[in-house]
Trainee: 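Before I ask anything, let me first share the structure, which is written out below as structure tokens.
Sequential numbering from 1 along the given sequence is applied to the chain's residues.
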Amino acid sequence: MRVTAQTIDSTRTLHWVDVAGASAGLLGVSLIDGAVSSAMQHASSGTLTTARQLQRFGDVTGIAPIIGGLAIAGLTTHHSALVRVAIRTLESVAIAGAATQITKHLVGRLRPNQDSDLDGYDFALTNGDPSFPSGHTAAAFAMATSLGDAVRSTWAQIGLYGLATGTAWARLAQERHWLTDVFAGGAVGWISARTVGGRLR
């Protein structure tokens, strides 16, 4: 695997039609939010243990060592491309995190474990722990996209996106998010990383 400093192949412009299409898709997925969350209820202890491990790819306990390790490796070996990848990944994760936190508090959607009828359509702007979109999933996809674009290895990208998808599944299994939350979080992470990498505007 070779890490490259330059990750820009071409720049794609995100149009309002793309956003409208994605929003329509999310609306469609929201119809099965309740069914998916019902299926995830009462997960076994083994499933929850796996979920706790997988979610680390989307939180600071997993992200900090990876980005920090890249930066330290780049600095100690004088590999400037590694340092740039670490900085770009950190920027992507930070932007994804800020975008999800702002959106969460504007939307105020209740989490599955807060929603008594489990329909996914309960909102409260005063909710201190809102659900939409998933911050863990956004961070995981931001990191997977940034690192995958830098490495340019199909197998590495499959592994990275597999871990990010595992993070999304973990948040569903823990009853912390709806399916639409993780779909939206994944999109926010991907867009953040592609924008920082200069491949999307």
Trainee: Give, for atom CH2 of W169 and atom CE of M40, the distance between the pair rounded to the nearest 0.5 Å.
Mentor: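 It is 7.0 Å, given to the nearest 0.5 Å.
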
Trainee: Is D33 reaching over with its side chain to a backbone N or O of L179, donor-acceptor style, under 3.5 angstrom?
Mentor: yes

Trainee: Check whether any side-chain heavy atom of L14 lies under 4.5 Å from a side-chain heavy atom of I191, and answer yes or no.
Mentor: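 Side-chain contact under 4.5 Å: yes.
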
Trainee: Do the side chains of L26 and I32 join up, straight or via other hydrophobic residues, at under 4.5 Å, putting them in one cluster?
Mentor: yes

Trainee: OH/Y121 to CG/L110 distance, rounded to the nearest 0.5 angstrom?
Mentor: 14.0 Å

Trainee: OG1 of T103 to CZ of F132: how many Å apart, nearest 0.5 Å?
Mentor: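 Rounded to the nearest 0.5 Å, the OG1-CZ separation comes out at 7.5 Å.
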
Trainee: Donor-acceptor pair, H177 side chain versus A168 backbone, under 3.5 Å?
Mentor: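 Such a contact is absent between H177 side chain and A168 backbone.
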
Trainee: Any non-hydrogen side-chain atom of H79 less than 4.5 Å from a side-chain atom of V83?
Mentor: no

Trainee: Same hydrophobic cluster for W190 and V196, using side-chain heavy-atom links shorter than 4.5 Å among ILVMFWY?
Mentor: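 No, W190 and V196 fall in different hydrophobic clusters.
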
Trainee: Using a strict cut-off of less than 4.0 Å between a Lys/Arg side-chain nitrogen and an Asp/Glu carboxylate oxygen, indicate whether D115 and R109 qualify as a salt bridge.
Mentor: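 Salt bridge absent between D115 and R109.
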
Trainee: Test side chain to side chain contact (heavy atoms under 4.5 Å, CB included) on L118 and Q41; report intermediate values, then the result.
Mentor: CA-CA 10 Å; L118 213 64; Q41 278 190 322; 4.0 Å; yes

Trainee: Per the side-chain contact (heavy atoms from CB on, under 4.5 Å) rule, which among I66, L90, L163 passes with M143?
Mentor: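 Answer to the side-chain contact (heavy atoms from CB on, under 4.5 Å) test with M143 among I66, L90, L163: I66.
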
Trainee: Please report the interatomic distance CZ(R88) to CG(L70), rounded to the nearest 0.5 Å.
Mentor: 12.5 Å

Trainee: Report the distance from atom OG of S37 to atom CH2 of W178, rounding to the nearest 0.5 Å.
Mentor: 4.5 Å

Trainee: Between the side chains of S44 and T47, does any donor sit under 3.5 Å from an acceptor?
Mentor: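 A donor-acceptor contact under 3.5 Å links the two side chains.
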
Trainee: Rounded to the nearest 0.5 Å, what's the gap from CZ on R171 to OG on S134? Could you check?
Mentor: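 Separation between the atoms: 6.0 Å.
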
Trainee: Can you tell whether the side chains of D149 and R194 come within less than 4.0 Å, N to carboxylate O?
Mentor: yes

Trainee: Are V29 and L172 connected, step by step, through hydrophobic side chains (Ile, Leu, Val, Met, Phe, Trp, Tyr) whose heavy atoms are closer than 4.5 Å?
Mentor: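 Yes, V29 connects to L172 through the hydrophobic network.
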
Trainee: Any idea which heavy atoms bring A51 and A170 closest together, and the distance?
Mentor: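 The answer is O-CB, 3.2 Å.
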
Trainee: Looking at side-chain heavy atoms only, is the closest gap between P133 and K104 below 4.5 Å?
Mentor: yes

Trainee: Considering all heavy atoms of both residues, which atom of S131 and which atom of P112 are nearest to each other, and what is their separation?
Mentor: OG-CD, 4.5 Å

Trainee: Is there side-chain contact between I63 and F57, with at least one heavy-atom pair below 4.5 Å?
Mentor: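 Side chain of I63 against side chain of F57, heavy atoms only: no contact under 4.5 Å found.
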
Trainee: State, to 0.1 Å, how close L48 and A173 come at their nearest heavy-atom pair, and which atoms those are.
Mentor: CD2-O, 3.6 Å

Trainee: For R56 and T167, which I'm curious about, is there any donor-acceptor pair between the side chains at under 3.5 Å?
Mentor: no

Trainee: Please find the pair of heavy atoms, one from N127 and one from P130, that lie closest to each other, and give the distance.
Mentor: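 Looking at all heavy atoms of both residues, the closest pair is ND2-CA, 3.3 Å.
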
Trainee: Q157 side chain to G148 main-chain N or O, any donor-acceptor pair under 3.5 Å?
Mentor: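 A pair under 3.5 Å: yes.
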
Trainee: Which heavy-atom pair separates G62 from P65 by the least distance, and what is that distance?
Mentor: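 In this case the closest contact between G62 and P65 is O-CD, 3.4 Å.
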
Trainee: With distance as the sole test, does R111 use its side chain to make a donor-acceptor pair with the main-chain N or O of R176 at under 3.5 Å?
Mentor: yes

Trainee: Would you check if the side chain of T137 reaches a backbone N or O of G186 as a donor-acceptor pair within less than 3.5 Å?
Mentor: no

Trainee: Identify the two heavy atoms, one from G198 and one from T11, that lie closest to each other, and give their separation to 0.1 Å.
Mentor: O-OG1, 2.9 Å

Trainee: Would you call L160 and F141 a side-chain contact if the rule is heavy atoms closer than 4.5 Å?
Mentor: no

Trainee: Side-chain donor-acceptor contacts of residues 17-24 below 3.5 Å, not counting sequence neighbours, with atom names and distances?
Mentor:
from	atom 1	to	atom 2	distance (Å)
D18	OD1	R12	NH2	3.4
D18	OD2	H15	N	2.9
S23	OG	V19	O	2.8

Trainee: Applying side chain to side chain contact (heavy atoms under 4.5 Å, CB included), run through T89 and L147 and close with a yes or a no.
Mentor: CA-CA 7 Å; T89 305; L147 297 178; 3.6 Å; yes

Trainee: Not counting sequence neighbours, list each pair that qualifies as a side chain to side chain donor-acceptor pair (under 3.5 Å) and has a residue in residues 91-102.
Mentor: S92-S146

